[in-house]
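Remarks on the structure that follows.
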Amino acid sequence: MEFEKIIPIVVLCLFFASRVSEARILSDEEDLELERQLKLINKPPVKSIQTEFGHIVDCIDINKQPSFDHPLLKDHKIQRNPSFLRGQTKNGDLSQTRSSMIGLPRGACPLGTVPIRRATKEDLIESKLLLKNIQPQAAKEFNRYRAYLQMENITNYTGIEGNITVYNPQFKDGQTYANMYVHNGMEEYINSIATGWMVAPGFYRDGSSHFFATYTNDGYKKSGCINYMCPGFVQIDDSVYLGAALYNVSVVGGNLFQIVLSLQQDSDYNWWISIEGSVVGYYPAAIVFNLNHPNVIGWGGVADSLSNKNSPPMESGEFPDGIDNHASFTNIQYRNQGNTTLVPQSTHYQIINDSPKCYGLKYDGDKGQPLGFTFQFGGPGGQCNN
Ligand SMILES: *[C@@H]1O[C@H](CO)[C@@H](O)[C@H](O)[C@H]1NC(C)=O
Ligand SMILES: *[C@@H]1O[C@H](CO)[C@@H](O)[C@H](O)[C@H]1NC(C)=O
Ligand SMILES: *[C@@H]1O[C@H](CO)[C@@H](O)[C@H](O)[C@H]1NC(C)=O
Ligand SMILES: *[C@@H]1O[C@H](CO)[C@@H](O)[C@H](O)[C@H]1NC(C)=O
Ligand SMILES: *[C@@H]1O[C@H](CO)[C@@H](O)[C@H](O)[C@H]1NC(C)=O
């Protein structure tokens with residue numbers, strides 16, 4: 001059975017990753033194992049595109065994408081549209097918002113194919129390092145600082161959305177995220193999906209801000225990964241792909257650019273990621289089987305640092321300054337079991353800020369149209385463990 005093969009690979013690679021971080025030398029066996037894994041996730045392309053950011057995107061037959069190798073998706077019927085979007089037009093009028101450009105031009109991938117960012121051996125190694133850091137119980141090779149607006153246990157959440165301002169903080173070590181998430185379960189076996197943008201020079205080997213998504217069923221112990229590093233996410237859109245770089249980024253005191261993101265459950269419990277109102281793809285219920293009734297959602301930032309290094313900047317790199325137009329998240333909303341769209345009210349949320357010395361979060365609540373419910377988060381980083 002395929003499943004038995006996949007598990008040892010992940011375990012092995014976590015092991016490899018920990019060794020590789022010390023000395024980036026692979027034995028022949030380790031090398032072969034990575035080659036084998038690469039073959040599993042890099043499918044024969046119908047067409048390949050070299051992006052201007054340096055990475056390669058393969059156009060893969062939509063029915064032959066790597067996720068359909070997952071044993072839990074053997075009998076899966078591909079969904080082209082979430083049930084909640086059927087009958088609606090795909091794109092709203094975004095002429096009023098300055099949205100960052102992202103993805104391939106429409107039509108770059110031939111009809112019937114979807115863009116999947118090609119993985120390299122280095123990507124696999126580095127992605128295990130990222131996950132190691134996310135694992136709540138993992139050895140602390142990294143420090144992780146969160147600045148989150150989080151909601152718990154009010155309802156079973158069925159959706160979360162918001163417009164995230166995109167910046168492009170520059171640094172060498174660690175990684176920084178701006179994202180939203182749904183969680184369920186105990187910390188060490190957490191079930192989770194997260195999506196947003198991130199800068200991770202180690203993993204992407206560039207300083208760009210990248211659109212990303214992660215999932216796990218067990219606190220990243222054996223299941224889950226980032227982007228397409230393991231089977232899981234089903235790609236539907238022919239333009240925006242996970243790991244794509246964002247073309248336009250905000251500058252403090254200058255132009256602001258955002259991405260409009262939503263993570264929504266359909267009536268079959270699949271979780272859909274949409275950007276600018278357009279569906280990117282979904283995590284099938286069979287894969288994220290413990291997220292039918294998530295009890296935690298949140299928005300905000302995370303900064304990871306190597307234990308002896310400076311922590312990277314988060315979001316704009318500045319502490320919240322209370323100026324409306326500097327909001328990091330606007331129009332934040334969530335949905336409950338009854339599909340009602342709601343906003344975080346004062347009694348229902350908590351603010352998690354692991355290092356007030358380095359990062360901040362200020363919730364502004366309702367700013368009226370067009371900003372809606374907003375908050376600011378971020379900070380310069382530095383030496384954060386007091
Ligand atoms: C919520 O929306 C989904 C998708 O449109 C629909 O199938 C489901 O019946 C709705 N649930 C409720 C309680 O309205
Ligand atoms: C929410 O539920 C979880 C699991 O049932 C529990 O551990 C946690 O303490 C609850 N949180 C709050 C704020 O009630
Ligand atoms: C969430 O869903 C579970 C499973 O259906 C149910 O037992 C629980 O009562 C629900 N919780 C809330 C707060 O509605
Ligand atoms: C966004 O980036 C694209 C590609 O670099 C550029 O052509 C476009 O002018 C930028 N948009 C704005 C509003 O600056
Ligand atoms: C946020 O996204 C919504 C939905 O696409 C859009 O209509 C709105 O203009 C955006 N809001 C802001 C403040 O940019």
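The structure displayed is predicted, hence computed values, not measured ones. Each ligand, and each atom within it, is numbered from 1 in the order the structure gives.
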For the pair H348 and F373, evaluate ring-ring contact (aromatic ring centres under 6.0 Å, His included) and give the outcome as yes or no after the intermediate values. CA-CA 14 Å; H348 289 164; F373 282 71; over 10 Å; no

For the residue pair R117 and Y204, would you count it as a cation-pi contact if the rule is NZ or CZ under 6.0 angstrom from the ring centre and within 45 degrees of the ring axis? no

Assign the ring pair Y241 / H55 to parallel, tilted or perpendicular, where the plane angle (0 to 90°) is split at 30° and 60°. perpendicular

Are there protein heavy-atom neighbours of atom 14 (O) of ligand 4 below 4.0 Å? yes

Relative to the heavy atoms of F257, which atoms of ligand 4 are at a distance of less than 4.0 Å? 12 (C), 13 (C), 14 (O)

Quick one: nearest non-hydrogen protein atom to atom 9 (O) of ligand 4, plus distance? N248 ND2, 4.9 Å

Those atoms of ligand 3 less than 4.0 Å from some heavy atom in Q337: 2 (O), 14 (O)

Please determine if N156 has a nitrogen or oxygen closer than 3.5 Å to a nitrogen or oxygen of ligand 3. yes

Could you tell me whether atom 7 (O) of ligand 4 has a protein heavy atom closer than 4.0 Å? no

Report the C-alpha distance between Y148 and Y349 in whole Å, list the side-chain angles of each, state the deciding distance to 0.1 Å, and finish with yes or no for ring-ring contact (aromatic ring centres under 6.0 Å, His included). CA-CA 10 Å; Y148 278 151; Y349 66 83; over 10 Å; no

Looking only at protein heavy atoms, which one is nearest to atom 5 (O) of ligand 4, and how far off is it? Y247 CD2, 3.8 Å

Out of K47, K64, R118, which one pairs with D58 under the salt bridge (Lys or Arg N to Asp or Glu O under 4.0 Å) rule? R118

Between H183 (side chain) and S192 (backbone), is there a donor-acceptor pair under 3.5 Å? no

